[in-house]
There are 2 protein chains.
Amino acid sequence: MDDLETRELRYFVAVAEELHFGRAADRLGIAQPPLSRAIRRLERRLGVRLLDRDRRGVALTDAGGVLLREARAALDAVAAAARRTRRAGDPKRPLVLVTKAGASHELLRRLLDALAGEPGAAPVEVLLCEVGEQARLLRDGHADAALMHRPFDDLAGFDTEDILAEGQVALLPAAHPLASRSRLTMADVRDVPDLPIARWPRLDGSYPDGPGPEVRTQSQLAQLVALGRALLVIPASSRAWQWPDHVAVPVVDAPEVTTVVAWPPGSRSQEVAALVRTAAGLRAAFAREAHHPAAGGDGPGGLRILGPMTSAPERTDGRA
Amino acid sequence: MDDLETRELRYFVAVAEELHFGRAADRLGIAQPPLSRAIRRLERRLGVRLLDRDRRGVALTDAGGVLLREARAALDAVAAAARRTRRAGDPKRPLVLVTKAGASHELLRRLLDALAGEPGAAPVEVLLCEVGEQARLLRDGHADAALMHRPFDDLAGFDTEDILAEGQVALLPAAHPLASRSRLTMADVRDVPDLPIARWPRLDGSYPDGPGPEVRTQSQLAQLVALGRALLVIPASSRAWQWPDHVAVPVVDAPEVTTVVAWPPGSRSQEVAALVRTAAGLRAAFAREAHHPAAGGDGPGGLRILGPMTSAPERTDGRA
DNA sequence: CTGTCCGATACCCGGCGGGTATCACAGCGT
DNA sequence: ACGCTGTGATACCCGCCGGGTATCGGACAG
């Protein structure tokens, strides 16, 4: 029938996240009664119970869970519409490229250099974010394109182009016994008693089990590593954010990580297309200077240059 | 700042599509002055001119074009939120699978049989639509999954799984000189004087140049073919919608068509996952009964069974 | 039993969305 | 030249709905 207003969706998301009408109303800057009324009307309009208000607390129903996910996506889309329109009206709009802080440092540097070198290219602004934030920033219009990493990031819903694949390395204090090894396996680094692997949140926000500390931000992680309290397995190119007294040792059987450039589907923007083309061009540049004779034939920890294949959003689980 | 309301987006889309305030207001069921006011406020809020109202007519600015595209996507997302929530609250919700009428007939039949045979599977409802409609129906929540065809359909923004690849055939009146050939090439069928190839709209809605009639719906096409007024190059499996006195001749160099099952990214639904799994299982079933020893080795016009690869939304141009 | 916590209800008010009437202006026909 | 017509903008009014305050009702805790 009549469709929902964004205000109602915002209200519902607030309640669904807080599971508490009072706090949600507070967060929204309105009083509690209008909020209750709005949610009630929303339920009546949809003909579905969204919340179980049982004594002492509010819980999401199945339908409520669906609406929470869908409403977030819809609100992102609305916000994206506003942001992209504003920026389209700005004559000297810079292109915003978002990437995880510290990842793909060398690629990013080369990409920016290449773009600066192109004659008619739009200026590019780099937005550094925390792990897993790229998808939202791309979806809600804060960014025009992103560097993301398969299989870590959620690429669902974007168009992507693979740029380069690489192995992973373990980052160890130089004094650690394992630091002298020339290669390691996952079995070697899992369950090292004094150096547990830090645990990242999965895509749904929960943490996997394990002995390591729970980590959500890059800075938390940096400090843990600097303190010698955590072991890290990261893509080889992330050696860029280097600690002086740590060494990187290739982990031969760690999953390969592919850096991809991603952009919102259906983006007909000339500027985004140019950026993607330039990034794809770097694939060849990396291939030239990596003087390994056969692509894909170099050892783990090195870069594997991808052929000109087109690829490939796919669903992934979090980095477990 | 303050974000847009869906009503404002609906209003803008109506005006942008009609390029006429009066007609747009009529379509929206409101009077013209409030509509003018709403658009004006929208422009003021965004700080961007969306429409050039020069005397005698309205035109979209660049920013207006961006907003039109983004607003459609956002409205689809909002509509999808409402529909999916309603259906999630329905205890006996059927799964809606959308596909082009007439395409992949045999696959569809087998898929439905397989799903009916599964013990705990949800009932499936099939929604048949016109060419190019699947993406919208999937995006706005009318459907839970779709059978689509690469490279014809726009797969951007969906998760997909390839099911089978096949060649294309030319559909000819039995009496036609070319009908006796056992194989044809695109050069043979292009520019046949008495049988021009029908022209489909591209993804952007425009038509390619050429001598053939412009066609938008399956029924238009069916009539043209039945009248012997148009030549058709279609996937081999679409022979299902057969005309009694037409024959299908393989076109060896026509692009291969891949039937994929697509679903909205991030769909955590158990039922959709089961459908995709069943569809992927059919890939193996097709492989078994097609007693060609080597996959991919059979002649053009036949089916090529895909290996268990994971793939691959990619941007495509329309069927030109 | 009573205090407290929390969502629901009752009721009021102001602003905004929507309506009608009208204006301003550009083509255009005669 | 002059109205006619078609278009979007302006002026102004009204009713509804979003938001506020006050209060209720039920469920624990003690």
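Letters A, B, ... mirror the listed sequences (proteins, then strands); counts begin at 1. For the numbers below, each heavy atom of this structure counts, side chains included, while hydrogens, waters and symmetry mates do not. Only a predicted model underlies this, so the values are computations on that prediction, with no experimental measurement involved.
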If I take atom [atom1] in residue [X] and atom [atom2] in nucleotide [N], what distance separates them, rounded to the nearest angstrom?
X     : N      : atom1 : atom2 : value
B:Q32 : C:dT22 : CD    : P     : 15 Å
A:R7  : D:dG18 : CZ    : P     : 6 Å
B:I39 : D:dT7  : CD1   : P     : 17 Å
B:I30 : C:dT20 : CD1   : P     : 12 Å
A:L42 : D:dG18 : CG    : P     : 12 Å
A:Y11 : D:dC17 : OH    : P     : 15 Å
A:E5  : C:dC16 : CD    : P     : 15 Å
B:L51 : D:dA9  : CG    : C1'   : 14 Å

[N] phosphate, OP1 or OP2: any side-chain N/O from [X] under 4.0 angstrom?
X     : N      : answer
A:S36 : C:dA8  : yes
A:R40 : C:dT9  : yes
B:R53 : D:dA9  : yes
B:R37 : D:dA11 : no

Beyond-backbone contact of A:L4 with A:L46, side-chain heavy atoms, under 4.5 angstrom: yes

For the residue pair B:F12 and B:I39, establish whether any side-chain heavy-atom pair is separated by less than 4.5 Å.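 Heavy-atom side-chain distance check passes, below 4.5 Å.
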
Which residue lies more 5' along DNA chain D, comparing A:E8 with B:R23 via nearest heavy atoms: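 Closest to the 5' end, via its nearest nucleotide, is B:R23.
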
B:E70: what forms a side chain to side chain donor-acceptor pair (under 3.5 Å) with it, not counting sequence neighbours? A:R84

Base, sugar-phosphate or nothing for B:R41? Non-hydrogen atoms, less than 4.0 Å.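 Sugar-phosphate only.
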
Of A:F21 and B:P33, whose closest DNA chain C nucleotide lies nearer the 5' terminus?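 Counting from the 5' end, the first nearest nucleotide belongs to A:F21.
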
Less than 4.0 Å between a side-chain N and a carboxylate O, is that true for B:E125 and B:R87? no

Partner of A:L97 by side-chain contact (heavy atoms from CB on, under 4.5 Å), out of A:V124, A:D144, A:L138, A:L128: A:V124

